[in-house]
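Some notes on the structure that comes next.
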Amino acid sequence: MTSIRLTNTRTRSKELFEPLDASNVRMYVCGPTVYDRAHLGNARPVIVFDTLFRLLRHVFGADHVTYVRNFTDVDDKINARAAELRAAGDARPLEEIIRDLTDCTIEWYHADMDALGALRPTQEPRATEWIGAMIAMIEQLVAGGHAYERDGHVLFRVRSYREYGRLSGRSVDDMIAGARVEIAPFKEDPLDFVLWKPSSDDLPGWNSPWGRGRPGWHIECSAMAHELLGDSFDIHGGGIDLQFPHHENEIAQSRCAHPEGGFARYWMHNEMLQVEGRKMSKSLGNFFTVRDLLDQGVPGEVIRLVFLQTHYSRPMDWTAEKARAAEAVLRRWHSLVDDIEPAPEPAPEVVAALADDLNTAGAIAELHALANAGQAALLKSSARLMGLLTQDRPDWLAPKVDLAPLAQRLAEMRRKAMETKDFSEVDRMKSALVAAGVEVRMSRAGVELVPGPDFDAGKLQDLA
RNA sequence: GGCGGGUUGGCGGAGAGGUUACGCAGCGGAUUGCAAAUCCGUGUAGACCGGUUCGAUUCCGGUACCCGCCUCCA
């Protein structure tokens, strides 16, 4: 069996991956807060962990991997957006606006991530459907002395978890010295974080032992991971920005609530996305969504290939030039594998590259090698392992049109021109074809016309 | 201020303590009426300074610069 090696953030080293149960490999990845379209940065963990999911399914079997990715549908950003909508004239009750907003955003998210070739996770729990599990976990933490109630809030007592800060390499004392933590009067310690907070009547809330309220952000992942994957599971993933405090807090909660379990054994973090060399942010004006790119005609498959060209542990720069180059590569590969039956197994070199800490760039180099060697069937099966070339002649490629009559006419014109030495007619037709986005291939053997990236059937009307 | 990541040829971007990454672009050639496409060939790379070593771009230490997280945005 292929042995997989993964860089474990927890130990800061590349380790052999050995699942607790090879018949059920379990992975949890932090999903989106659903209040708006996913931006391009949101796509990175999706593509990275989808690739890992595919690799795990390949190695352990498609039915032996459980991949859980949550939807955070209770959050103050959602409440704020809903309040905006109401202020803008939406007369429905807040809860209804929120349900509609989150439902709609989840639909968008699915559509956008599907376009990137990402498989749906095995389970996609919504936080609001697991409030009971969260309350139960908080009760356990309170009972165990790891949490305390203050002014309707329940707070996690960071000092009660000795290893707090280990994942992110921080010490509690250093962080307090850094003083960039919210000071709230009801906290015993500035680093203590909220497990439960009270909701006023105009906010969503659930009844709890501490009154009507809503969960803090971190508890949902702990509760849902526990319910769906157990006390101990294999992989926990997410963006590096979540390492602290989110994942640190998850660990503290989970380990304290279920000391018998080890929570996640391998922690994986993807580095951040940049755009044209700068952080993507609204203030820099380089902020855009996956849907924006798709609408501009950048195919999801192209986005995926660009992402996979950079190792997940490195910052990745999105540039228009990369998208252009990736599209050219995919065009070539598609023309090579169309109508070819994929090989039963992917190439061992590609699997080996992926198994080496998800070396997607190395795997792509192997795909190039297969393409150069004319190994179309292996190229297809190997690319598919990475979620590429999954579709024959996808929509974004030029439609298959019959240009044979035009080719014949051009061939005839050329034959005559060869005799008369007057190529002006031939050149005129050739430029017209090129203007319509057709690639003109003339050789001794004959004339071949291939629709290119800018193919425009309308411009061919003049030639008919 | 605390923590973490990075610096590879014109550009993008990997692996490996000693032997071609790979892709794009460029250059030379084949081919072509001319092109395009295709094929063949082609690169003086490894921020800087030390150390370890027979040998380092690859390991260790330091310096510089860049980036991220700690703060609503992943």
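In the text below, chain A, chain B and the rest are named by the order of the sequence lines, each starting its count at 1.
- Comparing atom distances between the A/Glu271 side chain and each of B/C73, B/G23, B/G5 picks out B/G5 as nearest.
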At a cut-off of 3.5 Å, list every protein nitrogen or oxygen paired with a nitrogen or oxygen from nucleotides 33-35 of chain B, distance to 0.1 Å.
residue: B/G33; atom: N1; partner: A/Asp427; partner atom: OD1; Å: 2.9
residue: B/G33; atom: N2; partner: A/Asp427; partner atom: OD2; Å: 3.0
residue: B/C34; atom: O2; partner: A/Lys430; partner atom: NZ; Å: 3.2
residue: B/C34; atom: N3; partner: A/Lys430; partner atom: NZ; Å: 2.5
residue: B/A35; atom: N6; partner: A/Met442; partner atom: N; Å: 3.0
residue: B/A35; atom: N6; partner: A/Met442; partner atom: O; Å: 2.4
residue: B/A35; atom: N1; partner: A/Val440; partner atom: O; Å: 3.0
residue: B/A35; atom: N1; partner: A/Met442; partner atom: N; Å: 3.4

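- Comparing atom distances between the A/Glu321 side chain and each of B/A37, B/G13, B/C24 picks out B/C24 as nearest.
- Listed by first then second residue, pairs satisfying salt bridge (charged side-chain N to carboxylate O under 4.0 Å, His left out) with a partner in residues 265-275 of chain A read A/Asp234-A/Arg265, not counting sequence neighbours.
- Phosphate proximity of B/C3 to A/Arg12: absent, as no side-chain N or O sits under 4.0 Å from OP1 or OP2.
- In this structure, A/Asn372 does not reach the B/C22 phosphate: none of its side-chain N or O atoms is under 4.0 Å from OP1 or OP2.
- The CD-P distance, from A/Glu366 to B/A14, rounds to 15 Å in whole Å.
- Nearest nucleotide to the A/Gln274 side chain, out of B/C24, B/C67, B/G13: B/C67.
- Within a 6.0 Å sphere centred on NZ of A/Lys416, heavy atoms belonging to other residues, nucleotides or ligands number 12 at most.
- Counting only N and O atoms by type, the side chains of A/Tyr312 and A/Asp357 include a donor and acceptor under 3.5 Å apart.
- Using the six-membered ring where Trp is involved, A/Phe263 and A/His236 have ring planes that are tilted, between 30° and 60° apart.
- Nearest to the side-chain atoms of A/Lys77 among the listed nucleotides B/A14, B/A21, B/C73 stands B/C73.
- Side-chain nitrogen and oxygen atoms of A/Lys322 include at least one within less than 4.0 Å of the OP1 or OP2 phosphate oxygen of B/G13.
- Crowding of A/Arg166 atom CZ: a count of heavy atoms from other residues, nucleotides or ligands under 6.0 Å not exceeding 12.
- Remark: A/Arg157 does not engage A/Asp192 in a salt bridge, criterion side-chain N to carboxylate O under 4.0 Å.
- Ion pair A/Glu412/A/Arg409 not flagged as a salt bridge, since none of the NZ, NE, NH1 or NH2 atoms sits closer than 4.0 Å to an Asp/Glu carboxylate oxygen.
- Closest contact between the side chain of A/Phe287 and the listed nucleotides B/C73, B/C70, B/U38 involves B/C73.
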Secondary structure string for RNA chain B (Watson-Crick or G-U under 3.5 angstrom, | for other-strand pairs): (((((((..(((.....[...))).(((((.......)))))....(((((..]....))))))))))))....
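- Checking each of A/Leu388, A/Leu389, A/Ile340 against A/Leu379 for a side-chain contact (heavy atoms from CB on, under 4.5 Å) leaves exactly one that passes, namely A/Leu389.
- No hydrogens or angles considered: a donor-acceptor pair under 3.5 Å links the side chains of A/Thr72 and A/Asn70.
- The distance from atom NE2 of A/His269 to atom C1' of B/G5 is 13 Å, rounded to the nearest whole Å.
- Checking B/C70, B/C73, B/G23 against the side-chain heavy atoms of A/Phe244 singles out B/C70 as nearest.
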